[in-house]
Amino acid sequence: MATKGAIRPGRWRQSGGKTAWIPYLFLAAPLALFLMWVIGPMIYSFYLSLTNWDGVSAPAFIGLRNYVRLFDDKIFWIAIGNNAKWVISFITLPVVIGLALAMVLNRDIPGAKAIKSAFYSPYIIAPVVIGLIWGWMYQPATGLFNSVLNAVGVEKTPGWLSDPRLATWCIIAAAIWRQVGYVMTLYLAGLQGVDPSLIDASQVDGCNFWQTFRNVILPLLSPVTVVVVVISIIDSLRSFDLVFVMTRGGPANSSSVLANMMYIEAFNNYKMGYGAAIAVVLFLITAVFIFIYLWQTLRTELEY
Amino acid sequence: MQSKWYRVLNVLAVFVMVAMLAACAAPTPQVVEKVVTQVVEKEKVVEKPVEVEKVVTQVVEKQVEVQVPAAPVTTMVYNSYQSDPAPRAADEETVKMFMEKYPNIKVVHSTVAHEDFKQAIRAYLTSSQPPDVMTWFAGNRARFFIDKGQILDISDVWANEGWNESYPKGFQALSTVNGKQYFVPTSYYWWAVYYNKKVFEKYNLTPPETWEDFLKVCETLKSNGVTPIVSGTKNAWPAAAWFDYLNMRVNGPEFHINLMLGTEKYDDPRVKKAFEYWAELLDNGYFIENAASYDWQDVLPFMLQEKAAMYLMGQFVMDSIPEENKADYDFFRFPIIDPAVPIGEDAPTDGYFAAANAPHPEAAKQFLAFLGSKEVQTYVAEELKRLPTNTEVDTSSFPEASKKGMELLAGADYIAQFFDRDTTPEMAEKGMAAFQAFWNDTTQIDTILADLEKERALIFAAE
Amino acid sequence: MTDRQKSLLGRWAVYIFIYALTLLWLVPVLTALITSLRTNNDILTRGFWSLPNVLTLKNFGEAWTRGGLTHYLPNSFIITLPSLVLTLLFSSLAGYALSRFRFRGDRLILFIFVAGMMLPFQILLLPVFRLVNALGLYNTYWALIIFHTAFQMGFCTFVLRNYMRTIPGEILEAARMDGCSEFRIYRQIMMPLTLPALAALATLEFTWIFNDFLWALILVQNDKLKPVTTGLAALRGQYVMDWTVIISGSLIATLPTVLVFLFLQRYFIAGLTLGATKG
């Protein structure tokens, strides 16, 4: 029976001798491509953050001035606050709902295929359409939500996207609606790797559903959970398209997030250098979270 | 199990191979196309234009073995942001007309969504293969690229076409930088307060000319349960229109333009005064509630359903009004606040320019000359109901609305290009956010203006 | 009630809850579908949530022609399919190395792949644009294919590495003792066992690459090469938005992704891989 928290990935190949270079061989092409097309441009944009490049003329080095200006910028702090809301929302709700759905839909429930497609469908619809439809649901005068609220007798209905205090949460709701299908898909794949004989064994031992779930299934799913949590953090910090389409960061920048701010500064205001600085800050924030989390999980992995 | 996997892989492999073949094969059709153009050219001398199309289809099927042609064919690229249906159709027709007139130039025309074009153009102008001709805005927006030497000098086109005589001085000024012309302005439109005539008739109202009359109209409408003014400020720029007009009416166009150029300050008491008039409208509830949740088009249903009356908007608003309702709408000049102040109006101007390192500059210049000519401007003006910049165009047969619009602008002392074109994009971004913040809470005006002034100082200090 | 009846009731309660949730979840999607069948004037004059007066298929036709879909759809496939296959290929190679071997720099390399995911990709737009121009790839399919392949490798490598770690090592050890080369082990043992993850990734990657818009906008200027997303974007006017046509166009563009999902989902269903993992 599997012990709590442990998975057995099989023995590692020890380095040494002829076989030492095999992993490098496998990695050569992918890594080269990745370094040239992703890491390279990434480092270049780090360099750009130290310039005043406008995307058109030659960049001029200005040191850390962009960063100084950034920390003084009101919008920057609003955006960081909003990104925090996104992160907290993304690592809780979609993960729980997605996992629950995957668990339920993994059996032969009638109509499972249709339901899976239904939950995945928000993910394939273009953000502009999602922004449009949800925008119409949120419309104060004639939108779906307020019409329903009016019907049950609520007098003063919220302004939703036009209310600076609610706008971000409204967008996050739409984003979670979209994200659940994505998480569900990853967990469905992960559940295929869970050997049913282990589940049977634990039930034979007298565990009820919750005990089986907590002590057998969840640990076996931990590689998927690692991916899901990492992706949720990264995506919530990188969120852009729904914000841009639904409010463009408004009203008055109240729903702005870092990626949105970066886009407007770089592409609307022609301040590529400043935009790059925002991207670097975003990267550093994400890196701190991810590296700490990954370091922990990698450490436990290697302890056999 | 293994076989299933192999099947999937095989299917995918087939797809990939087909795709790769297609990718490699993509250039080939171009060869056939060019050949077609040759043959067409020879035929044209004899046949009527209509016949040309038949010839084209036949040639393609035959996989022609034609010899090297006599006259060279230039393929020119024209990218446009005119993605609205009517301007786009007019665009395509214009391109067709040009290719008929100059059969040895083929124009590859593509339309990019308006907002996206604004990002893409910087990539175009700095790439190794820019498009030859592009649509763009007159004024500061064009200057941004002209100052960086990315735009083709077309002073020779202006001279050859005689545009220095046939275009009004204002438009010439918009296209000239350091004595040379780089831009062809071809159309412009007016802004005004559009209103639903039926609603006005219902309450016995007439279009107000002074601010006091305007307030009275608003009060009457409001007391009868009609929303006096609508605006969809989700994308901020409709709010900027209110700032433009109030500032120009209260403080005059000269102050307004200086503010746009960064030589006046946002915390100047004169600016605050303009906002006070705006606050009057907001605090009295004359604007639609929750304006920030609506896109500019989303508020039109309120007017169509006669639940609202007025909208400060550009002439293009009529394009969104259904055909059967168009007759119910008219417009009036933004009310005068101080009769002693010169009148400023917003009339954004659009046009074309060519990339400095365009692959085919000669063809580009011919195309630009064509676009600015009397024939094309007449056609476009008729199709789109916008105003032509070329004074040689005969305007006597224009619809009533256009004539009224021209009168409105003729009666102005100064023409501005609109907030987000008159000032730098960054300042416009900050300004419009400030307008949204003010709209949300008018009591914050002092903080808002102080912050905005800080931004202005930073932005224009860097210039 | 007997225990068995209770558990049956409990199960059906869950099922009904799921069905209800699904319907609620679909409201925005169904709204999009219904809107695509209405006319813009209808929405403008009577409001968006009104019951439709007229239902028409006209919007799809208009989206098809005005969006130039016959012209752009093949391009989308030409760009998406090779990118998808190549990125899965490269990522599985990298994932295999990172999941089954210990070597100098293995953690660093994993971090590199993860780091590549952490930047808002828009900031890479202009640096990659410059790179593409410098390499003379501007305005070609290859610019997009190579970039998408490279960029998606971060996510795919990470997922595959994690998934491959769940494959019990005994099978691989057995094959090694039989004298199989690592590459054969990768190809004939590891890959089939990774099928669920590959299928899930293929679905997601198809969705992302097919729906990409910004990269196509910046790296390709020639109209002949542009994918469906740019064609649809051009339906958005400077002033006028014909929402019904835009939604119809977007729905047409999602059809391939839906088909891919339906086709691939049987591969992340139980039963396929369990035979191999008998302990």
Side-chain angles (χ1 to χ4, degrees), chain A residues 9-13 15 22-23 26-27 29-31 33-34 37-39 41-42 44-45 55 104 109 115-121 123-126 129 132-134 136 142 144 147 185-186 188-189 192-193 195 223 226-227 234 238 240 259 262-263 272 275-276 279 282-283 286-287 290 298, chain C residues 14-15 18 22 25-26 28-29 31-32 47-49 90 93-94 96-97 100-103 107 109 112 114 116-120 122-124 126-128 131 146-147 150-151 153 158-159 162-163 165-166 168-169 172 182 196-197 200 207 211 243 247 250 254 257-258 261 265 268 270 273 277:
Chain A
R11 293 208 294 273
W12 291 101
R13 190 73 176 203
S15 20
I22 286 194
F26 273 80
L27 279 168
L31 197 57
L33 199 60
F34 197 69
W37 286 88
V38 181
I39 303 299
M42 190 169 95
Y44 185 64
S45 32
V104 173
I109 168 177
I115 300 180
K116 283 183 213 172
S117 313
F119 278 98
Y120 190 69
S121 60
Y123 203 70
I124 26 185
I125 300 184
V129 176
L132 188 61
I133 305 283
W134 279 81
W136 273 327
T142 52
L144 186 63
S147 302
T185 306
L186 287 174
L188 276 173
Q192 304 324 311
D195 189 348
V226 170
V227 171
I234 292 180
R238 259 197 337 186
F240 167 75
M262 179 222 82
Y263 184 83
M272 281 298 296
L282 187 63
F283 176 82
T286 320
I290 302 302
L298 285 183
Chain C
V14 172
Y15 289 177
I18 294 283
T22 309
W25 211 258
L26 281 177
V29 179
T31 311
F48 179 67
W49 293 101
F90 284 129
L93 287 168
Y96 183 60
R100 300 268 95 163
F101 295 85
R102 255 178 109 172
F103 51 94
R107 260 189 280 183
I109 294 181
I112 288 180
V114 174
M117 293 192 279
M118 293 198 279
L119 220 52
Q122 298 90 347
I123 201 66
L124 295 177
L126 290 189
V128 170
L131 181 61
I146 294 179
F147 177 74
F151 188 70
M153 270 203 284
F158 183 52
V159 172
N162 266 36
Y163 193 85
R165 286 179 50 74
T166 66
L172 307 175
E182 283 302 326
T207 310
N211 282 333
W243 295 122
I247 293 183
S250 301
T254 60
T257 320
V258 170
F261 178 75
Q265 61 163 302
F268 38 100
T273 56
T277 62

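To find a chain, count down the sequence lines: A is the first, B the second, and so on, and within it residues start at 1.
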- Which answer fits A:F240, side chain, backbone, both or neither, if we ask what part of it has an atom under 4.5 Å from a heavy atom of chain C? side chain
- Please look at A:M42 and chain C and tell me whether the side chain, the backbone, both or neither of the residue comes under 4.5 angstrom of a heavy atom of that chain. both
- Quick one: of A:V226, A:T286, A:L31, A:L144, who has the most non-hydrogen atom pairs under 4.5 Å with chain C? A:L144
- Measuring heavy-atom distances to chain A, does C:I109 have an atom under 4.5 Å in its side chain, in its backbone, in both, or in neither? side chain
- Under 4.5 Å, counting heavy-atom pairs only, tell me which of C:P28, C:G116, C:A94 racks up the most with chain A. C:P28
- Test item: A:L27 and C:F101 side chains (from C-beta on) under 4.5 Å apart, heavy atoms: no
- Looking only at A:I290, A:L186, A:V104, A:L132, the option with the highest number of non-hydrogen pairs under 4.5 Å against chain C is A:L132
- Query: Quick one: what part of C:V159 sits under 4.5 Å from any heavy atom of chain A, side chain, backbone, both or neither?
  - Reply: both
- Select, from A:P41, A:G275, A:A276, the one with the greatest count of heavy-atom pairs under 4.5 Å involving chain C. A:P41
- Which residues share a ring-ring contact (aromatic ring centres under 6.0 Å, His included) with A:W134, sequence neighbours left out: A:Y138, A:W177
- Query: Should C:V258 and A:S121 count as side-chain neighbours, where that means a heavy-atom distance under 4.5 Å?
  - Reply: no
- Message: Looking at every non-hydrogen atom in both residues, tell me the closest pair between C:A32 and A:V129 and how far apart they are.
- Response: CB-CG1, 4.3 Å
- Item | Nearest-0.5 Å distance, CE of residue C:M153 to CD1 of residue C:I112 | 12.0 Å
- Looking only at C:V14, C:N211, C:V29, most heavy-atom pairs under 4.5 Å shared with chain A are made by C:V29
- Side chain / backbone / both / neither for A:Y44 at chain C, heavy atoms under 4.5 Å: side chain
- In this structure, NZ of A:K116 is separated from CG of A:L188 (nearest 0.5 Å) by 5.0 Å
- Shortest non-hydrogen contact from A:F34 toward C:A150: CD1-O, 3.2 Å
- Item | Heavy-atom check, side chain of A:L33 versus side chain of C:I146, under 4.5 Å | yes
- Mind ranking C:T254, C:T22, C:V128 by heavy-atom pairs under 4.5 Å with chain A and telling me who comes out on top? C:T22
- Task: Tell me, for A:V227 versus chain C, whether the close heavy atoms (under 4.5 Å) come from the side chain, the backbone, both or neither.
- Result: both
- Message: Among C:W25, C:Y15, C:F90, which residue has the highest count of heavy-atom pairs closer than 4.5 Å to chain A?
- Response: C:W25
- Message: Heavy-atom pairs under 4.5 Å with chain C - which of A:Y123, A:F283, A:Y263, A:F26 has more of them than the others?
- Response: A:F26
- Query: Considering all heavy atoms of both residues, which atom of A:R238 and which atom of C:M117 are nearest to each other, and what is their separation?
  - Reply: NH1-O, 3.0 Å
- side-chain hydrogen bond (donor to acceptor under 3.5 Å, both in side chains) with C:T207: which residues, sequence neighbours excluded? A:Y120
- Task: Go through the atoms of C:F151 and report whether side chain, backbone, both or neither lie under 4.5 Å from a heavy atom of chain A.
- Result: both
- Per-residue tally against chain C (heavy atom, under 4.5 Å) across A:A259, A:P30, A:A126, A:A29 peaks at A:P30
- Checking A:I124 against chain C: side chain, backbone, both or neither under 4.5 Å from a heavy atom? both
- Any chance you could lay out the side-chain contact (heavy atoms from CB on, under 4.5 Å) test for A:I125 and C:S250, step after step, and finish with the verdict? CA-CA 7 Å; A:I125 300 184; C:S250 301; 5.7 Å; no
